[in-house]
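Here's the structure, in structure tokens; my notes come after.
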Amino acid sequence: MIRIQNLHMRYRTDRGEVRAVRGISLEIKQGQFYTLLGPSGCGKTTTLRSVAGLETPQEGEISIGDDLVFSSYRGISIPPYKRDIGMVFQSYAIWPHMHVFDNVAFPLREMKRRFSRQEIREKVYQALSLVQLRGLEDRPAPFLSGGQQQRLALARALVKEPRVLLLDEPLSNLDAKLREETRFELRELVKRLGITTLYVTHDQLEALTMSDIVAVMDQGRIVQEAPPMEIYQSPRERFVANFIGLTNFLEGRVKKTGQPGEVETSSGALKCILPEGAAVGETVVIVIRPEDIELVSEPSRQDENILEGKVDAVIFMGDTLECQVAVGTKMMRIKLHPSSPVARGETVRLELPAERCRALKS
Amino acid sequence: MGVISRLHLWQHGLFLLVLFLVLAPLLFLILGSFSTARLPADFSLSTMGVANYLKVYSDPGTYELFANTVVYVAGSVALGTGLAVSLAWLVERTNMPGKIWVYAGVPMTLAVPGMLQAMAWVLLLSPRIGFINKMLKDLFGPQAPIIDIYSLGGMIFLEGLRLVPTAFLMLVPLMRSMDPTLEEAAAVSGAKPSSSMRKITLRLLAPGLVAVMIYQAMTALEVFEIPGVLGLPAGIYVFSTKIYAIVRSATFMPVYGQANALAMVYLVIAVVTTYLYTRMISRVERYTIITGKGYRPRQMELRKWRLPALGIVFLFLFFSIVLPFLVFLYTSFLPYLQSPSWQALQGMTLKNYRLLAEYGEVGSALTNTVIMVVVTASVTTLLSFLVSLVVVRSNFWGRKLLDQLAFVPHAIPGIVMGIAFFWVFLKLDFLPIYGTIWAISIGFTVNFLSYGTRSMNASLLQIHKELEEAAYVSGAPPWRTMWRIFFPLMLPTLSGIWIWVVLHAVRIAGMPLILYEGPQNQVLAILIWNMWDEGYVGGVAAIGTLLMIALLFLTLAVRYGGFRRHSVQLVGS
């Protein structure tokens, strides 16, 4: 539904040139919920705004459905108001001089096709019901709460039933509790309407819980593109592992190839899944999530992938117990069940299951 | 975006226009101050010299002028600040009753033109004809102590009153935005209320207060009408009136170069004050502690002083607005000037109003004023809008310089601007501007440009770009977006600036008097000034009464009419 090919975007600022987007290509299928995830300044918003037509990239091609909306090679650049899109802005951009009804009716009144008053009213009411704002039509837009403004922005984006919905960090201005509720509502809604959605966020939880496909971006490039589960469980680069969730890193050299292979680290040899084409002697970094590490009681069943360390700190987090364990000079973080009997200063043995240890080329 | 880059041509044109409007008068002012030719039109580079400066600064009268100006400015600032601080403190930090009267009434005093207020007080306190002085004489005989308004004291009293509303409007948000937890923190740290007041409250207010005082000094220094009405007849000069007297002297051949030489010093003082003000303002912004929470500072219990406090407030409102209006209203119905009495009330007629209709110059002055004011307000609004659009929204190379250029007139007193444009129009005589109302219009436009661009900048910055982008992606082409989103959002600011300019252009007499040539460019303010000069008090009272009523309605319209500001900031990030 959305195709981006080899997109490049440079800005000239007071402090020189910024290369916001450096060769992005992606394809979003009909009805897919696709998320661009990355830290601020990674180019995710620029990419989204290029799809909307609010930025003019230097190079690349963008098509929405079968329409080529931008091509630097063929000199095509369809302005935003002629693209079949709906968009929700980070600030919501609710027009303060209009009532709720007029805000939602605006896109309909700007359409080539003339709607009758009756049709406009029906469509606006329908859009407002979708986001549960029925009954607030006559309220001046500034008199809405943050959550209501966000839903109004969504209704305005959906009212003309565009083929594509663009969402620019729509939840970042909501408070934590509301954000959690809205996450599920929003996904539910776009899935029900079957609308193709491009979503931009810096919040990993939003990306993981809402998306069909997550593309992690860094410095203007897509680093990894995969379904949420895969992104979390098998990050392909250190950046992805670090950006999403808590991660322990252990540097080492490949000792033995094969699956599982073996890596020599400063804390001892560890069995792990090696990256493809890894050679003996190559430096790698082992990635393991805190919740994948287990505490083993002595004497252990085996000696493989066991590290000994001293508990440095125990933090009660409610649903988990987070511990910092000093293994040699390395500080490891582990997540345990809250009832686990650990105390500060205690010596513990940690098991790092080989199938959960993933070595990445560094 | 593409739209902007195509507009580079008009950006350059705008830049050159503002550059010319601001720098040409300054250039001619400086050149003129060195010109020894009698008339600006005779100016040539061969007759340049420092003779004007020598003449002006060897005159002992000039040093008296300095002294007068210092006393007048310091006195009125002290009185104005004292009153404004008291009023702002009473409404924001105490439980005084009837606060709504202060919030509504104090800004209303802006509606009374300074010239009319001064004239009203002359009718009350002139040694010869003043109602109050006459009453004193009737009561205590010819040796009765009388109050002479034609004095430095009189000027300080009236200018002090006139400084209050603006200072009040600046001080109220300052006092309101003060986070009470700062004082509470001092209290729990062991400070007594008196020392927390001294060490925390006053310290936090200090930069804002100093900024307000400097601003008042700029206003007092610049104003012409009060020292013009009260000082000129008694030969007590301050800068603005002295320059006027040199140029418009009835007895001697005017010496334009000397006016310029004097204006240069006046200008330097004004520029330094403006510089201090902008420095101070940036300090204030650093001190401002915005928590975004809706809090009300703790209020002091006035107890038995509640009503006396309200009494003082009413006295201020009475002196500033009610009394001048009543004096004018009363005088306008008198066949000849007489103190209030039963007899006088019985002899009231509509003669003055009838005569106004017959007095030929009134009609043309009125037409001139309406045209001048409407053109000035429209051109100022449009020019400010275009300048701010370039400054805030474009990446034009000279946008910062353009912004500074537009601010420069803020430092130029109206009288100096008048002198400067006087030279421009006389020297560039291929432009048929001198002696027309367009001369006054251009002078005002440049003078008000700084105010216009400041409020326009602030307003444009508040309109988040995403509001327009949302319209683009909703399917609205640029011109539709302009018409349905941008324009409605800017309308309160545009109309606000327009009315502000109208309110100011209609009442200021200083600059128009310098550029006044004859009936063809006589505006209302000049007409009132001339009628007063000729002693036609009844006519002045009639015009003044009507003008005050009109301005009062206009001011009311600004505050309570349809110019409600949309809370744009709600959607800004």
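Below, chain A is the first sequence line, B the second, and so on; all start at residue 1.
Pairing each heavy atom of B/Val473 with each of A/Lys160, the nearest pair is O-NZ, 3.6 Å. Closest approach of B/Gly475 to A/Tyr81, counting heavy atoms only: C-CB, 3.3 Å. Closest of all the heavy-atom pairs between A/Glu110 and B/Pro477 is OE1-CD, 4.0 Å. Residue B/Tyr472 comes nearest to A/Leu54 through the heavy atom pair CD1-CD2, 4.1 Å, listed as atom of the first residue, atom of the second, then distance. Nearest heavy atoms, B/Ala470 versus A/Trp95: C-CZ2, 3.7 Å.
Taken to the nearest 0.5 Å, the CZ atom of A/Arg109 stands 10.0 Å off from the CZ atom of B/Arg480.
Atom CZ of B/Phe20 sits in a sparse spot, with 12 or fewer heavy atoms from other residues, nucleotides or ligands closer than 6.0 Å. Few gaps surround CG on A/Asp175; more than 12 heavy atoms of other groups in view lie less than 6.0 Å from it. Residue A/Glu161 qualifies as open at atom CD: its count of foreign heavy atoms under 6.0 Å is 12 or below.
Looking only at distances, no side-chain donor or acceptor of B/Glu466 sits under 3.5 Å from a matching main-chain atom of A/Phe89. When atom types are taken as modelled, the side chain of A/His97 and the backbone of B/Met490 share no donor-acceptor pair closer than 3.5 angstrom.
When side chains are defined from C-beta on, A/Pro96 counts as touching B/Leu467, because their heavy atoms get closer than 4.5 Å.
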